[in-house]
Amino acid sequence: MNLAEVKAAARKAAYARRAEAHGRGLDGAAQARLLELLAPQRGRAISGFVPIRTEINPLPVMAEMAAHGPVCVPVIEARAQPLLFRRWRPGCRMAPGPFGAAVPVEGEEIAPDVLIVPLVAFDRTGGRLGYGGGFYDRTLERLRALRPTLAIGFAYAAQEADGLPLEPTDQPLDAIVTDAFTLTF
Ligand SMILES: Nc1nc2c(c(=O)[nH]1)N(C=O)[C@@H](CNc1ccc(C(=O)N[C@@H](CCC(=O)O)C(=O)O)cc1)CN2
Ligand SMILES: Nc1ncnc2c1ncn2[C@@H]1O[C@H](COP(=O)(O)OP(=O)(O)OP(=O)(O)O)[C@@H](O)[C@H]1O
């Protein structure tokens with residue numbers, strides 16, 4: 001198997017484990033851990049995400065953080081381009097975006113200092129696999145070239161994989177928060 005095939009296999013296996021974990025009432029425990037990790041970051045610009053498919057739900061954490069500072073969500077501009085981020089507020093007007101994730105209809109563009117990052121699989125060293133678009137890799141590379149940027153993976157513990165195959169363009173996570181544990185690197 002070449003690297004792309006190994007990644008595809010790891011993605012498929014983790015996707016199945018994520019689907020299993022979804023809907024088991026695990027989100028609350030993970031949200032509490034995420035809120036604890038984010039407490040010192042109150043007031044900084046934070047990106048979250050609107051969950052799609054069987055992703056864990058960060059929305060209650062985003063709503064709490066929005067009381068202290070700007071919160072935004074990713075918007076796809078084009079294939080093979082970094083993500084942009086648009087201001088999000090609890091209850092703001094949303095419309096379907098590419099790939100099914102809803103995006104705010106209006107709101108200013110924001111460059112986040114801290115990113116809550118969706119993922120398909122993670123490993124114990126901060127390695128991450130997404131859906132394969134390279135969007136977060138490109139985005140983190142760009143943000144990190146400008147200033148220190150904190151990337152926090154948010155996932156079910158079941159999404160852990162053993163030693164993910166990583167490429168030079170894969171941007172590492174600074175922390176991982178799950179329903180069962182928090183890892184910081
Ligand atoms: N909730 C959420 N919002 C998000 C992301 C995310 O991962 N989660 N994104 C994070 O980037 C962006 C959306 N990116 C996505 C990229 C690809 C696919 C997707 O369906 N990919 C195909 C495979 C495509 C290919 O291999 O060429 C698939 O999974 O079937 C979905 C979302 C922006 N918003
Ligand atoms: N900074 C970058 N510059 C150019 N190409 C990149 C960059 N980051 C990733 N890529 C390319 O994008 C493609 C998809 O990358 P990868 O499989 O790592 O995506 P992913 O991490 O699963 O997706 P995402 O980051 O959207 O969640 C790969 O071919 C990779 O080489």
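Both counts, for ligands and for their atoms, begin at 1 and track the order of listing. Keep in mind that this is a model prediction, so the values were computed, not measured.
At least one heavy atom of P74 sits less than 4.0 Å from an atom of ligand 1. The closest approach between a heavy atom of A101 and any atom of ligand 1 is below 4.0 Å. Residue-ligand proximity: R128 is placed with a non-hydrogen atom under 4.0 Å from ligand 2. Heavy-atom separations between R53 and ligand 1 include at least one value shorter than 4.0 Å. Contact annotation: R11 has at least one heavy atom less than 4.0 Å from an atom of ligand 2.
The line from CG of L119 to CD1 of I176 is 7.0 Å long, rounded to the nearest 0.5 Å. Atom-to-atom distance recorded for T125:OG1 and L164:CG is 7.5 Å, nearest 0.5 angstrom.
For atom 9 (N) of ligand 1, the closest heavy atom belonging to the protein is Y136 CE1, 4.0 Å. For atom 7 (O) of ligand 1, the closest non-hydrogen atom of the protein is Y131 CE1, 3.2 Å. Considering only non-hydrogen protein atoms, atom 13 (C) of ligand 1 sits nearest to I76 CD1, 3.5 Å. In this structure, the protein non-hydrogen atom closest to atom 15 (O) of ligand 2 is G134 CA, 3.6 Å. Atom 28 (C) of ligand 2 has as its closest protein heavy atom E167 OE2, 4.3 Å. Looking at atom 13 (C) of ligand 2, its nearest protein heavy atom turns out to be G132 O, 4.1 Å. Considering only non-hydrogen protein atoms, atom 8 (N) of ligand 1 sits nearest to E55 OE2, 2.9 Å. Of the protein's non-hydrogen atoms, R79 NH1, 4.4 Å is the one closest to atom 27 (O) of ligand 1. Regarding atom 1 (N) of ligand 2, its nearest protein heavy-atom neighbour is E141 OE1, 3.3 Å. Scanning the protein for heavy atoms near atom 26 (O) of ligand 2, the closest one is F135 N, 2.7 Å. Considering only non-hydrogen protein atoms, atom 30 (C) of ligand 2 sits nearest to T169 OG1, 3.8 Å. Shortest contact from atom 21 (O) of ligand 2 to any protein heavy atom: D137 OD2, 3.0 Å. Regarding atom 11 (C) of ligand 2, its nearest protein heavy-atom neighbour is R138 NH2, 3.8 Å.
Within the listing of ligand 2, atoms 14 (C), 19 (O), 23 (O), 26 (O) sit less than 4.0 angstrom from a heavy atom of G133. For ligand 1, the atoms lying closer than 4.0 Å to a non-hydrogen atom of I52 are 1 (N). Interface atoms of ligand 2 facing Y136, defined by a heavy-atom separation under 4.0 Å, are 24 (P), 25 (O), 26 (O). Counting atoms of ligand 1 from 1 in the listed order, those under 4.0 Å from a heavy atom of P118 are 6 (C), 7 (O), 8 (N). Less than 4.0 angstrom separates some heavy atom of V50 from each of these atoms of ligand 1: 1 (N), 2 (C). Near F135, the atoms of ligand 1 lying under 4.0 angstrom from a non-hydrogen atom of the residue are 11 (O), 14 (N), 16 (C).
Exactly one residue among L115, V103, L83 makes a side chain to side chain contact (heavy atoms under 4.5 Å, CB included) with P74. That residue is L83.
I152 places none of its side-chain heavy atoms less than 4.5 Å from the side chain of L173. By the 4.5 Å heavy-atom criterion applied to side chains, Y156 and L26 are counted as neighbours. No side-chain heavy atom of R86 sits under 4.5 Å from any side-chain heavy atom of I110. Looking at heavy atoms from C-beta onward, L38 lies in side-chain contact with M65 at the 4.5 angstrom threshold. Within the 4.5 Å cutoff, the side chain of F122 has heavy atoms near those of the Q159 side chain.
Distance screen at 4.0 Å: atom 18 (C) of ligand 1 has a protein heavy-atom neighbour inside the cut-off. At a distance under 4.0 Å, a protein heavy atom can be found next to atom 24 (P) of ligand 2.
Contacts with ligand 2 closer than 4.0 Å are made by side-chain heavy atoms of K7 only, the backbone lying farther away. Only the side chain of D170 comes within 4.0 Å of ligand 2, counting heavy atoms alone; its backbone N, CA, C and O stay farther away.
Judged by distance alone, with hydrogens and angles left aside, the side-chain atoms of R128 form no donor-acceptor pair with the main-chain N or O of D123 at under 3.5 Å.
For E109 and R87, the salt-bridge test fails: no basic side-chain N is under 4.0 Å from an acidic carboxylate O.
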Quiz item: Between E64 and R42, does a salt bridge (Lys or Arg N to Asp or Glu O under 4.0 Å) hold up when you go through it step by step?
Solution: CA-CA 10 Å; E64 157 68 23; R42 280 183 180 161; 3.1 Å; yes
Quiz prompt | Working for side chain to side chain donor-acceptor pair (under 3.5 Å), residues R144 and Q171 | solution = CA-CA 10 Å; R144 282 171 166 159; Q171 289 283 324; 2.9 Å; yes
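Counting only N and O atoms by type, the side chains of R11 and Y131 include no donor and acceptor under 3.5 Å apart. Side-chain N/O atoms of T54 and R18 include a donor and acceptor closer than 3.5 Å.
Under the 6.0 Å distance and 45° angle rule, R79 does not count as a cation-pi partner of F135.
No more than 12 heavy-atom neighbours from other residues, nucleotides or ligands sit within 6.0 angstrom of CZ on R93.
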